[in-house]
Amino acid sequence: MDGGCESFFAGLCASFGAAIQHRSVYEMPFSEAYDLAEAGEEELSLYLEEALSCGHEVLELCCGNGRLTIPFAKNHFHITGVDLSGDMLALLEKKLQSLPGSVRNRIRILQEDVFTVDPGQTFDFIFLPATTLCILFDDAAATEQLFTHVAALLRPGGSFAFDIRLYDEVKSGEALIPQMIGKRACLSTERIDCRLGRAVGRFLILEPDNDGQVQMYLAEANKKIIAISDVEALVERTPFLIRRTERYFHDGSELMLFILKKKEVE
């Protein structure tokens, strides 16, 4: 269906433009659809393994709905989750109510911008999961500043971890994926353009309201295709060095985990 998806969404906007409600993928109702995704076993294991080698005070940047936050707390870490999306954090807050008090008390939530957050403490381990770096990377200067900010929040001997998606074996193309989530009809697509270095996801939700009318919601996620060399060049300009990398698979995609340590001050 290469090319057909682009025409579908263009036609949709042309025909129903005024009726379509444009949202962020981190806002309702897309946040609830995203909430169905669970942490991958290997993904969680890699992050937990590195955290265990550092200490028990953890900072998660762009924690979203707590997909990894809660498992960390269940593994006896004290974790601070930071995110700007109120809708995503509302889902996390709702989940906290069903957790045992001993687990819930190990989680602190901050609705702040990760670029400027001041959690009032330092941490043994800081991580930025879900290939979020691929969204932030368009502003290289801001991303470099983020790494510098993270370094200031990291305790001596601590680690900073993040992952990116690898597109080495992925060809340019697009496919439309329909699914039903409760009473919602969802269409999702990701268009990969290796020439332009972009991976653009589009998401459409059709949802009946209480009056029997169909509400249409449209969202887009635009990620930069990052090469390993791009990450290496970025890290060289920051207070970090790459200690190790690890390839793993999650949800049908190959990813690479980067583990960084702060450079020693001479």
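Numbers for residues simply follow the sequence, beginning at 1.
- Of the possible polar contacts, none joining the D83 side chain to the L89 backbone as a donor-acceptor pair under 3.5 Å is found.
- Put simply, the side chain of S159 never gets that close to the backbone of I259: no donor and acceptor are under 3.5 Å apart.
- Looking at D251 and R165, no side-chain N of the basic residue comes within less than 4.0 Å of a carboxylate O on the acidic one, giving no salt bridge.
- Between the K224 side chain and the G197 main chain, no donor and acceptor come within less than 3.5 Å of each other.
- Each of K94, K183, R184 was checked for a salt bridge (Lys or Arg N to Asp or Glu O under 4.0 Å) with E32, and the lone residue meeting it is R184.
- In this structure, Q21 and E27 have side chains that are not in contact, with every pair of non-hydrogen atoms separated by 4.5 Å or more.
- For the pair C13/L218, a side-chain contact is recorded, criterion being any heavy-atom separation below 4.5 Å from C-beta on.
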Mind running side-chain contact (heavy atoms from CB on, under 4.5 Å) on H149 and V117 for me, showing each step along the way? CA-CA 9 Å; H149 184 46; V117 62; 4.0 Å; yes

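- Between T189 and R202, the side chains place no donor N or O within less than 3.5 Å of an acceptor N or O (distance only, hydrogens not considered).
- You'll find the ring centres of F72 and Y47 outside the 6.0 Å limit.
- Side-chain contact check for E246 versus E42: every heavy-atom pair is 4.5 Å or farther apart.
- Within the 3.5 Å criterion, the main-chain N or O of L154 finds a donor-acceptor partner in the side chain of K262.
- Of the possible donor and acceptor atoms, none in the side chain of S45 sits under 3.5 Å from a partner among the backbone N and O of E41.
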side-chain contact (heavy atoms from CB on, under 4.5 Å) evaluation trace for L52 with E49: CA-CA 5 Å; L52 281 168; E49 178 186 355; 5.7 Å; no

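- Side-chain contact between Y26 and S31 is absent, with no heavy-atom pair separated by less than 4.5 Å.
- With salt bridges taken as basic N to acidic carboxylate O contacts below 4.0 Å, none links R191 and E220.
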Please step through salt bridge (charged side-chain N to carboxylate O under 4.0 Å, His left out) for the pair R108 and E57, ending with a clear verdict. CA-CA 11 Å; R108 180 171 65 134; E57 291 293 334; over 6 Å; no

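- Remark: D113 pairs with no residue by the side chain to side chain donor-acceptor pair (under 3.5 Å) rule, at least two apart or across chains.
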Between L68 and E43, does the side-chain contact (heavy atoms from CB on, under 4.5 Å) criterion hold? Intermediate values first, please. CA-CA 9 Å; L68 293 169; E43 174 192 27; 4.0 Å; yes

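- Ring orientation note: the planes of F258 and F162 are close to parallel, at an angle under 30° on the 30°/60° scale.
- Under the 3.5 Å distance criterion, the side-chain polar atoms of K223 are left unmatched by any main-chain donor or acceptor of G201.
- Taking 4.0 Å as the cut-off between side-chain N and carboxylate O, R155 and D124 count as a salt-bridged pair.
- Side chain of R104 to backbone of L99: a donor-acceptor contact under 3.5 angstrom is found.
- Nearest heavy-atom pair across M216 and F16 is CE-CB, 3.4 Å.
- Under the 30°/60° scheme for interplanar angles, the aromatic rings of F125 and F127 are found to lie parallel.
- Of all the heavy atoms in H56 and H76, the pair that sits closest is CD2-O, 3.3 Å.
- Nearest heavy-atom pair across P178 and L187 is CB-CD2, 3.5 Å.
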